[in-house]
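Take a look at the structure below.
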There are 2 protein chains.
Amino acid sequence: MDISVLHNSILFKGFDDTEISELLKALNAAEKKYNKGAMIFSSGEITDKLCFVTAGGVTIESNDMWGNRTILNLVGKGQFFAESYALLPDVPMLVDVCAAEDCTVVFLSMKSLANLNDTIRSRLLANLLTITTRKNLHLSSRSFHTAPRQVRGRIMAYLNTVSVQKHSHEFDIPFDRQQLADYLNVERSVLSNELSKMQRDGLIRCKKSHFEII
Amino acid sequence: MDISVLHNSILFKGFDDTEISELLKALNAAEKKYNKGAMIFSSGEITDKLCFVTAGGVTIESNDMWGNRTILNLVGKGQFFAESYALLPDVPMLVDVCAAEDCTVVFLSMKSLANLNDTIRSRLLANLLTITTRKNLHLSSRSFHTAPRQVRGRIMAYLNTVSVQKHSHEFDIPFDRQQLADYLNVERSVLSNELSKMQRDGLIRCKKSHFEII
DNA sequence: GAAAGTATGTTGTAATTACAACATTTTGGG
DNA sequence: CCCAAAATGTTGTAATTACAACATACTTTC
């Protein structure tokens, strides 16, 4: 198991190596690898597992019965997912979780939190609070990206956020065209088309997943 | 101050009356009333206040420079808002918070958490974790309501959720037409029009904010 | 209970998006 | 290097939505 990524995670912030090893045991840490496209969780499932991505990345998505996909979030290396469902274990998942690329996930049993001593548990809970709080901001930021009525507005809203996060006008985004379209809730072809227009209008330059705001 | 609503809140679950009174003091609880339409927070503000609605309701919204409003969430009596910003006090708010109707809000200083003793604080943090986790589910449920590409799909997605929550095919929604339109990210007139069509098609019955799914 | 104000419903047209079909480019094996 | 497969770009048409303008219904206040 790739311990080093876990050691730098928010969840184990403030814990030393020994404590982390013990915690991993106590929480029945289990690692699993997935190929790109594999489904890790399906809508309707119940889980008490807090999930941590140690390699690759996964998408949190909603797939309707007509095959339309909406990507709610992309969870990369070093980040957590399913924390809400793990902590509210009677709530069935509303989303699917898929491997966006080949990836490795570590599962931690939140049911086992009850067996920990008070001090350790409350330190863990404080860290969990940071995780859920940040996830909250992440979820709402998608709302801003999809709030504009027009495609160009959504693209700009999204690119702006990334640009601010990366402190640069030039950056790579973690999505391919189809994923970006599904994230912004627009047609892939319309997205491609609009990106072309925006380049012609001198707003941006882009090639594949590399973007530059002008 | 309306103590009874606070006593039944998730935040103070497990605390007795004496403890709650002391906590309210320790967290500098302050109450404020707002008239319908008043702005409680504006995008860009910084706050460490956990906010609790003791009467009325507020909307969490994003207003762009062209006057388009997107309602991300409606926070009613007995619920909290701004918890993410209160807990990450260096992050400026991305949203506006407005009084959806005349309302009363209690502000609790999260900065003051540091002054509490360990036991009390960790009990509070555990409750805060519940609040943020539930808020997470709430935020993602809006994503499902806006995921369908067409207006009818969005309306149905939303009405289904409410129907399930209220365990009934007949219910009131907390939005007026303009608010519902802003929540579903569609034009108000298009929404009204589609609701009429859906009634003609025998899918629903509705009058003002009262709905029945057939 | 009128009048004014607000909320909701209706309609037509302009603008935008969805969808399908196809062209082009890129990628990864063999 | 070539081929096949995947990803991205382009285009045209049908369908949907945005927007404005107006009609109707409901509320509030005097």
Side-chain angles (χ1 to χ4, degrees), chain A residues 35-37 59 64-71 98-102 145-157 159 172-201 203-211, chain B residues 35-37 59 64-71 98-102 145-157 159 172-201 203-211:
Chain A
N35 292 323
K36 178 174 179 173
T59 51
D64 70 21
M65 62 185 102
W66 298 279
N68 299 312
R69 174 173 74 163
T70 300
I71 294 182
C98 295
E101 50 192 310
D102 292 353
H145 302 151
T146 55
R149 307 295 169 98
Q150 275 130 10
V151 174
R152 181 171 294 200
R154 294 188 186 193
I155 295 171
M156 284 312 250
L159 292 180
D172 290 310
I173 65 170
F175 292 125
D176 64 30
R177 286 287 176 282
Q178 184 64 60
Q179 290 174 324
L180 181 57
D182 291 341
Y183 177 80
L184 297 178
N185 240 236
V186 301
E187 272 293 310
R188 181 197 61 77
S189 63
V190 174
L191 171 63
S192 274
N193 195 253
E194 192 63 37
L195 284 173
S196 301
K197 286 186 196 162
M198 289 168 73
Q199 294 196 78
R200 263 175 256 150
D201 293 351
L203 287 173
I204 60 168
R205 266 193 285 267
C206 68
K207 183 175 185 179
K208 307 213 64 188
S209 295
H210 189 79
F211 285 77
Chain B
N35 292 324
K36 178 174 179 172
T59 52
D64 70 22
M65 61 185 102
W66 298 280
N68 298 313
R69 175 173 73 163
T70 301
I71 295 182
C98 294
E101 50 193 308
D102 291 353
H145 301 152
T146 55
R149 308 292 168 99
Q150 275 130 9
V151 174
R152 182 172 294 200
R154 297 188 184 194
I155 296 170
M156 283 312 250
L159 293 180
D172 289 311
I173 65 171
F175 292 125
D176 63 31
R177 286 288 177 280
Q178 186 63 61
Q179 290 173 324
L180 182 57
D182 291 341
Y183 176 80
L184 297 178
N185 241 240
V186 300
E187 272 292 311
R188 182 198 59 77
S189 64
V190 174
L191 170 64
S192 273
N193 195 253
E194 192 62 37
L195 284 173
S196 300
K197 287 186 196 161
M198 289 168 75
Q199 294 196 75
R200 264 175 256 148
D201 293 350
L203 287 172
I204 60 169
R205 266 192 286 267
C206 68
K207 183 176 185 177
K208 307 210 64 184
S209 295
H210 188 79
F211 284 77

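In the text below, chain A, chain B and the rest are named by the order of the sequence lines, each starting its count at 1.
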Checking [X] side chain against [Y] main chain: does a donor-acceptor pair fall under 3.5 Å?
X: D102(B); Y: N35(B); result: no
X: D176(A); Y: Q178(A); result: yes
X: R205(A); Y: H210(A); result: no

**Atom-pair distance (CD on E101(A); P on dA6(D)), nearest Å** = 18 Å
**Message:** Could you tell me how far apart H210(B) (NE2) and dC26(D) (P) are, to the nearest whole angstrom?
**Reply:** 15 Å
**Fill in**
Residues in residues 177-194 of chain A with a heavy atom under 4.0 Å of DNA chain C, by number, are E187(A), S189(A), V190(A)
Calculate, to the nearest 0.5 Å, the distance between atoms [atom1] and [atom2] belonging to [X] and [Y] respectively.
X: N193(B); Y: R152(B); atom1: CG; atom2: CZ; result: 10.0 Å
X: H145(B); Y: L159(B); atom1: NE2; atom2: CG; result: 9.0 Å
X: R154(A); Y: N185(A); atom1: CZ; atom2: CG; result: 6.0 Å
X: Y183(A); Y: I173(A); atom1: OH; atom2: CD1; result: 10.5 Å

**Fill in**
DNA chain C nearest-nucleotide lookup for R149(A) and K207(A): closer to the 5′ end is R149(A)
Grab the two heavy atoms, one from [X] and one from [Y], that are nearest each other, plus how far apart they are.
X: S209(A); Y: F175(A); value: OG-O, 3.0 Å
X: P148(A); Y: A157(A); value: CG-CB, 4.3 Å
X: R149(B); Y: R69(A); value: NH2-O, 4.1 Å
X: E187(A); Y: A181(A); value: C-CB, 4.1 Å

**Item:** Most 5' of Q150(A) and Q199(A) on DNA chain D, judged by nearest nucleotide
**Value:** Q199(A)
**Item:** 5'-most by nearest nucleotide on DNA chain D - K208(B) or V151(B)
**Value:** V151(B)
**Item:** Along DNA chain C, first and last positions that approach a heavy atom of chain A under 4.0 Å
**Value:** dT16(C) to dT27(C)
**Angle between terminal axes - the helix from dG1(C)-dC30(D) to dG30(C)-dC1(D), 5 pairs each end, rounded to 10°** = 50°
